Amino acid sequence: MMPATYLTLMLLFPLLGGLTCAIAGRKLPRVLVESLACGAVFGSFVCALLTALSYTAPTVVTLAEWFASFDLVIPISLYLDPLSLSLSVMIGFVCGLIHLYSVFYMREDEDYARYFALLNIFVFAMLTLVLAESLPLLYLGWEGVGFCSYLLIGFWYRDTNNADAGRKAFITTRIGDTAFMIALAWLFQLFGTLSVTKLNGMGFLMPVSVLTALGILFLIAAMGKSAQVPLMVWLPDAMAGPTPVSAMIHAATMVTAGVYLLARMYPMISASQTALAAIAVTGAVTAFYGATCALAQRDLKRVLAYSTISQIGYMMLGVGAEAVTAATFHLLVHAFFKALLFLGAGCIIAAMHHEQDIFKMGGLRRTLPLTFWSFLAGAACLAGLPFTGGFFSKDSILMAVWHKGGALYQSLYLLGLLTALITAFYSFRLVFLVFGGGNGHVHRTTGLGVMQAVLIPLAILGLFGGVLNLPGYMGEGLLTRLFVAIPGGGAVEATHEQEIVMQAVAGALALAGLAAAWLRYGKGRAHRMQEAQSPPSPLISFLANGWYFDALYNVLFIRPYRALAGILWERMDKGVIDDSLDGLGKGIGSVGQRLGRWSTGRVAVYLISFAAGGALILCYLAWLVL
Amino acid sequence: MSVPLSHILIVASLMFAMGLGCVIAWRANVIMMLIGIEIMLNAVMLTFVGGSAHWGIADGQLFSLMLMALTSAEVSLALAMVVYLHRRKQTVNTDRFDSMKG
Amino acid sequence: MTLTELYCLLPIVITGCAALFVLLCGPLLLSSSLTAIGVTASAAAGIWAAFTAPAPIQCIPGLAFTPLAQLLIPLFSFAAALTLLLSHGYNERRILKGEEYPATVLFALFAMCVLPCATNMLILFLALESVSFAFYILVSMDLNRAESGEAGLKYLLMGAVAAAFTAFGFALIFTGSGTLALSAALARPENRAIISAGWGVLILGMAFKLSLVPAHLWTPDVYQGAPSPVAAFLSTSSKVAAAALLLILLGHFPPMAELRAPLAALSVLSMVLGNLAALRQTNIKRMLAYSSVAHMGYLALALLTGSRDGYAAVLLYGAIYTAMNLAAFGAISSLSFEEEREQITDFTGIGFTAPVRGGVLALAMISLAGIPPTAGFIGKFFIFYSALKGGLIALAIVGILSAAASAYFYLRVVAQLYMHRSEAPAPKPVGFAEGLALCAASACILIIGVYPGPLLEMVETALR
Amino acid sequence: MTSLIPILSLLIFLPLVGALLVFALRQSASAARWLALAFGAAEFVLACAPLAIDRQGTAQVGVPTGFFLYQDHGWIDRFGIRFTLGMDGISLVMVILTAFITIVAIIASWKVKERQGLYLSLLLALQGAVQGLFLSLDLFLFYLFWEAMLIPMLFLIGVWGTGRPVYSTIKFFLYTFVGSLLMLLAIIALYLMHGAQTGSYTFALPALMHTTVPYQLGLWLFGAFLLSFAIKFPLFPLHTWQPDAYCDAPVAGTLMLASLLSKTAAYGLIRIAYPLFPEASRALTPLVYVVAVLGICYFAWVAFAQRDMKRMLAYSSVSHMGFVALGIAAWSPVAVSGALMQMVNHAITTGALFVMVGMLDERAESRDLSDFGGVWGKVPVLAFFFLIFNMASAGVPGLNNFVSELIVLVGVFKVAPAAALGAFLGSVLTLIYTVRLVQEVLFGKESKPTVLAEVSLREGSVLVLLAVVVVYLGVHPGPVLDLFKAPLELLLNK
Amino acid sequence: MEATVFYILAAILLIGTLCAITARQAVRAIVYLVVSFFALALMFYLLGAPLIAAFEVIIYAGAIMVLFLFVIMMLELESPEKLPKPRFSDWWPALALVVVVVGALAVLLLSHVRAVPPGFTDIPVRQFAYTLFKQYGVAVEIVSMQLLFALVGALYLGRRK
C-alpha cells in the first residue's frame, strides 16, 4: 500500500503544480507560483526518497484503467524496480535543484507562469516515463517530455530561431517516437499485452529475428529522444531554450530517456546480439561524433550540448555491451555533472549579459570563484580525470565493452578511448578559455549567489558519484548490488588487475587530454584568441557545423519535403484531381450547350429531327420483321 | 373490289410520306407546310377508309370524318396565326421566326 | 342520356358547360368573376370526381368513369384551378383581357376530363387533340409579345404533324385489329407487323406530346414563348394527359417486345439530353423545358417496364410533377410584371426580397432535383424502383447519373435566389389568388414528400 | 425496450420544431439566439437521458437485439417502409456527440451578422436530420435523412459563406449527390433482392442483413455504398469538394461539416455497408486500406503546403478521417472501436480547431498564416487553447486523439501491418504541419494588428467545454469505449 | 374492273400530290391538290364510303382549299419572291426521309399475312349513321367544341389592338 501512495503522490505533486500554474498562474502572485512549483518537485523528491527507503522488491502498482477496448487493455500501472527507483530519485533531486535555480535565473522574465507550469509538467512526464509499467503510459511520458521540451526550447518564442529549434526537436524526436509506436503495435500483436514486465518475461518466446527488429525499433526511438546519430541534429539547436531548461531536459533527464528505454526493455532485446551490436555501434559512433563536434564549438552551451550527445553515446555503448548497470551508473553521474556544467554555464551567461561565445570570455575564475570551482569539478568529471565520478562510470562502460570481446567490440573500445581523450581535451579547452586569462568583467545580477550555491551539491555528487558503484577492487558497488536482480545488471566479471590496468590507461588518457588543452589554450591562449578572429579552417568549420549534418538533411529531406508539398497541392490536388473534375464539369456543360443549340429556333429543324426519329423507329421495326 | 388491303396501305403510306416530304422540304413556307400536313391527314383517312372497308365496320369512316373536322379546325387556327404573325412580322417565312433558341 | 350517366360524367359536363358559359357571358362579367367561375367549376369537377365511386361499365357509349379517371380528373382540375388562379394576377398585369383565356383553359380541362374516361381510340384521339388544340390557342394568347404567337405557330405546326402521325398510328392499328374499342382491340398475331408499324408511328406522336428526344425541340421555345401560367399548365397536365393515353393503350394491349427498344432509346436520350442541355441555360423557362424533357424521360423509363409498378410510378410521378412544375412556373409567373422575368439572373436575391415566392421556387427546384423530404424524391424513388424491378438496370444507372447532373441547374436557381450579394429590384407583394395557388402547390410537394401513403393508395386504386 | 416517452422521435423532431420556432422568431436576433440555444440544450439533455436507463434490459419481441431503445411505426406501407428508430451504444454516442457539437455551433454563431434567425434555424434543422440518420434502422429512412442533411448545409455554405460560396456549395452538393443517388439504386436493388428471396418487402436494416447477395452483385452494391460514403468521408481522391466547402463555409457550417457530416459516412459504413455485404466488403478492403493510408499521408503532406489556416485544417481533418477509414477497413473489434472513438475525438478536436480559427478570423479578419505571428503574447488564453487542440490533433498522449489513434493502429497492425506502418508514417507528417501551424500563429514576432481581443466569456465557455472533453477523453475514455462494446460484438460476429 | 379504276385513281392521286408538293407556286399546288383530292374521293367511293367521299369533296376540295386560297390572296403572297422556295439542298433530307419511311412502311405492311380474304364490304349509310350517333355521339360533341374554340382562337388572334 505504501509504495502506491508514494508513487501516486510523486506523480501527482508536479502534475497538480503544473496544472495550477498553467491554469491560474497568471493570476497568482509570482512568489506563490515559484514556491508552488519548487515545492511540488521537492515534494516529489521526498516521495521518491521515502519510496527508496521503504523499497524491498520490485513491485507493480496498478492505479487505474486508462482505456480498454476488447483485448487491448491499457492500465495506468507503475513499476518500481532499482532502475526506475534510482532514476526517479535522481530526477527528483536534480529537477528540484534546477527549479530552485530557475527561480533566480528567470527573475526578470514576465512569463514565469508558463515557465514553471511547463517545468512541473515536464517533471511529471519524466517521472511517468520512468515509472510506467505499461508501454502506452511510458509513451505518454515519452511524448509529454517531448512536448514540454518543444515549448521550453521555444520559450522565448518571439525570436523565430528559438521556435524553429523547438519545432526541429519535436519533429526529429517524433520520428523516433513513431518507431516506438510501431514497436508497441507489433508487441501487442505478438504478445497480446503491453505490460513491460510481462513483455520482458515473454521475450524469449519469439524468434531472434523478430526480437532484432523490435530492438532496432526501440533503438530508433532512443536515437530520436537521446539525440543519437543520425537523429542528433536537434540537440545542439535545443540550446536556444533557457539554460536551466537545457540543464534539466537536454542534459540530465529527458535525453537519457532513450538509454532508459533500452535498459528497460533490455531483457527482451538482449536476446538478439545483432540488436545489441547495433546499439553499441550507434553509441560509440555518436560518442565520437559528439566529442569531435564539441572540439570546435564557440558557443558555451553548444560545447556542452555536443558533449551531452557524446556522453549519451557512451551510455548506449554500455547498454550495447550488456552493461546496464554501467550505463545507468554513467547516466546518474552524468546527470549530476552535466546539470552542474549547464547551471554553471547559466551563471556565467547571466553574469556575462547573455554572452555565450567562449572566445569573448576569460578570467572568470577570479570574478566568479564559486562558479569556477564547481565548473572545474564538472569538467573534471566530464573529462574523466581519475577518481571523479565520471571516471568510474565511463570506465566501467569501457571495461564492459572490452570485456565483451570480439573484433567489433574491441574496435568500439578503442574508439571509446579515443573519444575519452578528445573529451578531456575539449572539457579543459572550455575551462581554460572561460576562466583563464585576465580580463574578467562580469555583470552582477541578483540571485547569482543562490544560483551558485545550487552548484555545490551537484559538484559534490559529481565528484564523489563514484561511490555509487565503486569498481570491484575497491569494494562492491552499490548499484551493482541493487541491480543484480535484473538481467544485464550484474557486475562485469573481470579480474581486479584487468580493472586497474584499464583504469590506468583511461586515467592517463584523460590527463593527456588535460595537458594538451593546457598547452593549446592555457599557455597559448592569446594566440588562440587572435586566431578566433580570422575565418575558421575547413576542418574546424566541418566540426563546428556538426559534420554538416544539418545541411545534408536540409538537402535530403527538408527541402524536398517542402517542394513536394507544394507540388502535391498545386499540381496534384488542384492540378490533376480538382481540375480534371472541373474540366469534366465544364465538358459536360459545353456538351449540354451544344445539345441545346440543336434547338435552333427554326421549326424546320424540329420537324426534320422529328421525322428522322420516326424514320429510325420505323426502320428498326422493319428490321425486326425482316 | 379485289384490291388487296396492302396496296391501299402502300398508296396511303406513299401519300403520307409525300406529305411529310412536303413539310420538310418547304421548310420555310408555312403555307406549303400546312398543305403537306393536309396531304398526310388525307393519307390517314385513306388508311381508315381502307381498314373500314376491310373489316366491314363503319368506325374507320367515322374516324375519317372526325379527322376532317379536326383538320379544318386546325387549318383555320393555323391560318389565323399566319395572318396574325404576318401582320406583326411582315413575313410567313418560318426560318425568320427564330427569336427563341438555344 | 339518363340521370345516372350524367351523374357519372358530371365533371365533363361541368367543365364543358363552364367553358361555354364563360364564353357566352364573358363580355358581361368582370375578369375576377370569370376566374372565380373557372376555379369553382374546376374545383367542383375535381371534388366530384374524387368522391364518386368509379362505375364499372360505360356510362354512355365511348365514355366510362374509370378508376384512372377518378385519379386523373381531380389532378387535372387541380392544375387547371391553380392555373386560373395564377393567371388572374398575371393577366391583369400584362393587360390580357377577355373571356377567351379562362374559357380555353376550361376547354382544355374538359378535354382532359374526357381523356381518361374514353373507352375507344377515337374519343381518346379527339380528347388528346382537343387538349393540344386548346394549348395552341393558350400559348399564343399573349398579344404583347411576338414570341407568344411565334411559339403558338411552331407548336401548332409541330403538333399538326404529330397529330398526323398519331392518327396514322391509330389508323394502322385499326386496320390491323379491326376495332377502335380499347377493350377489344387486342393485337392479332397475323397482323402484328401492321400493328407494330402503327405503334411505331403512334409512339413518335406521343413522344411529341411528352417532348421526348428527338421530338422535344419545340419544348423550350414554346415554354419560353407561352405566358408563364400557360407554361405551368402545359408542362404538367398536357404531359400527364399524354402519359395517361399511353398508359391506357399499353394497359389494354399486351406489351409488345418490338416497342421496348424504341421506348428505351427515347427514354435514355431524353434523360441524358434533357439534363445536359439544361445545364447552361440562362433562361429559366427554357431550363425548365429541358428539365421537363428529362423528367418525361424518367416517365418513359417507368412506362417501359410494362409492369403495374411502372404504371403506378408513371401516375405518381405525373401527379408529383404537376405539383412541382405548377409551383415553379407559378412562382415565375407571380414574379413577372410588365416584363416576363425569365433570365435566371433576374432572380438574384429574390429569396429574401420576396420570401414566399422565392421559397416556393426554391422548394420546387429542390423537389425537381429529387432531394428528400420533397415529393420529387418520392417520385424519383418510385420510378427507379420500378425500373430496377423491371430489370432495366443500365437505364436506371444512366438515369440516376443524369439526375445527379441535373441537381446542378436546379441548385443554380436556388443559389441565385439566396446566395448572391446583389439583389434584383424587389417585386411587388404577391396577390391573394397567386399566393393561394403557390401555397397549395408547395403544400402538396411537402406533404407528398413526407407522407406519400394516401397518394400511393390512390394510384394503386386507379390502376385496378 | 420501448419506453413511454418516445425519446427517439423526440430527438429528431425537437430540433425540427426548434428550427420552425426559431424561424418564426427570426426578426429578433437575440430571441432567436436564446431560443436556439435552449433547444440545443434541451436536445443535449434528451440525448444524455438514455445514459440513465438500463441498457442491458432483456430483449423484447420484435426488437432487434442490442437496441435498448426502439420505435417502429408504419409509414409508407406500399413499399414496406417503416419509421423505425433504434438506439444502441454506437448511436447513443453519436447522438450525444451531435447534440454537443450543435450547442458549440450555436454558441459559435452567436455573432453572425446577417439573418441570424434563419442561420440558427438551419443549424437546428441540420441537427434534426443528423440525429435521424444516426437513429434510423430503416434504410429508406436513413437515405432520406442522408439526403435531407444536404439542404440546410447547402444554404449554410451558400448564404453565409465567404470566398466562393456558391461554387463551393454546389460542388459539395453535386459530389455527395452523385454518390448518394447510386447508393439509392443499391438500396432498392437490395430491397428487391430481399423481397424476392423472402417474400417480405422491407427496408428494415436487421432484416436486410439476412439477404443472400451473390458475390459479383454484392461487389457492385457495396461499391455503390462505399462510393457514397467515401465521398462524404471524404476519402482520397474523392475529396476535392471538401477543402473548398470547409474553407468557404461559415464557422458553424464548417463545424457541422467536419464534426458531424463526415461522421455520418463513417457511421454508414459501420452500421450499414460492412454488415450488409460481408463478402464484398472483405474483397474491397485492400482498396479501402490503400485510400485510407494514402489519404492520411497525402493530406497531411498537402496540409503542410497551405497558407490558409482553414484550408490547412480542412486537409488535416480529412487526413485524420483516414484513421477512421483504416479502423473500419480492418473490421476487427479493436480497430472498429478505435475508429468509433476516433470519430468522436475527431469531431471534438477538429471542431474545436475550426471554432478557434473562426475566432482568429473574426479578430484579425484574415486566415492567412503570414498575417499571424506572436499571438501567444497578445492573447495568451486563446493561444493556450489553440495549442491544446493542436496538440490533441497531433496525437500527443493524454489528449483524446492519441487514444483512438493508438487503438486503431494496434487493431489494424494485427490485421494489416503494412497499412498500419503507412499510417504511422502519417503521424509524423501530421506533427510537421501541426507545429508549423502552431509556430506561425502563436510564435514569432507579433504581427499586425498588435491588439487582439482576448477570449470573451461566451467564447471561453465553448473552449473550456471542448478542452475539458478533449482532456477527459484523453485520460478516461473508458465509459465511451464501453458503450461501443456490446453493439460491436453484435455487428462483428454476424 | 374496279381494281383497274382503283389503280388509275391511285396513280392520279400520287401524281397529283407529287405535282402539288413540287409546284413552284402555292396556288398551283392547291389546284393540283384539289385534283388529287377528287381522285381520293373517288377511291373512298370505291371503298364503300360514299359519305366520306362526299365530305372529302365538300370540305377539303371545297372549303379548306378555298380557305388556303383566301389566305394566300389576303396576304398578297402571289408574287414568287414573297414565298421562299426550297433550295436544292432542302430536297435531299426530305427525299431521304421519304424513301426511308416508305421503305420501312412497305416492309412492315407487305409482310402482313393475309388471314382475311381480300375483298371489301360495302358499309351502308344507315350503318354509318347508326355508328355515328349510337357509338360516337360524344365524339361529335368534342369535335364541335373544338371547332368552336378554333373559331374563338381565330377571332382572338384576329383582334386588332
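Just so it is clear: chains get the letters A, B, ... in the order the sequence lines come, proteins before strands, and each one is counted from 1. This is a predicted model, so every value here is computed, not measured.
- The interface of residues 578-596 of chain A with chain E, defined by heavy-atom distances below 4.5 Å, is empty.
- Within 6.0 Å of atom OH in E:Y7, more than 12 heavy atoms from other residues, nucleotides or ligands are found, so the atom counts as buried in its surroundings.
- Contacts from residues 177-194 of chain A to chain E, taken as heavy-atom pairs separated by less than 4.5 Å, involve no residues at all.
- In terms of heavy-atom proximity, E:L108 sits nearest to A:V625 at CD2-CG2, 3.4 Å.
- Using a 4.5 Å cut-off between non-hydrogen atoms, the part of residues 601-619 of chain A that approaches chain E consists of A:I608, A:A611, A:A612, A:A615, A:L618, A:C619.
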Sequence neighbours left out, cut at 3.5 Å: what donor-acceptor pairs do the side chains of residues 31-53 of chain E make with other protein atoms?
unit_1: E:S36; atom_1: OG; unit_2: E:L33; atom_2: O; d: 2.9

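- For E:Y130, the OH atom counts as loosely surrounded, since its 6.0 Å shell holds 12 or fewer non-hydrogen atoms of other residues, nucleotides or ligands.
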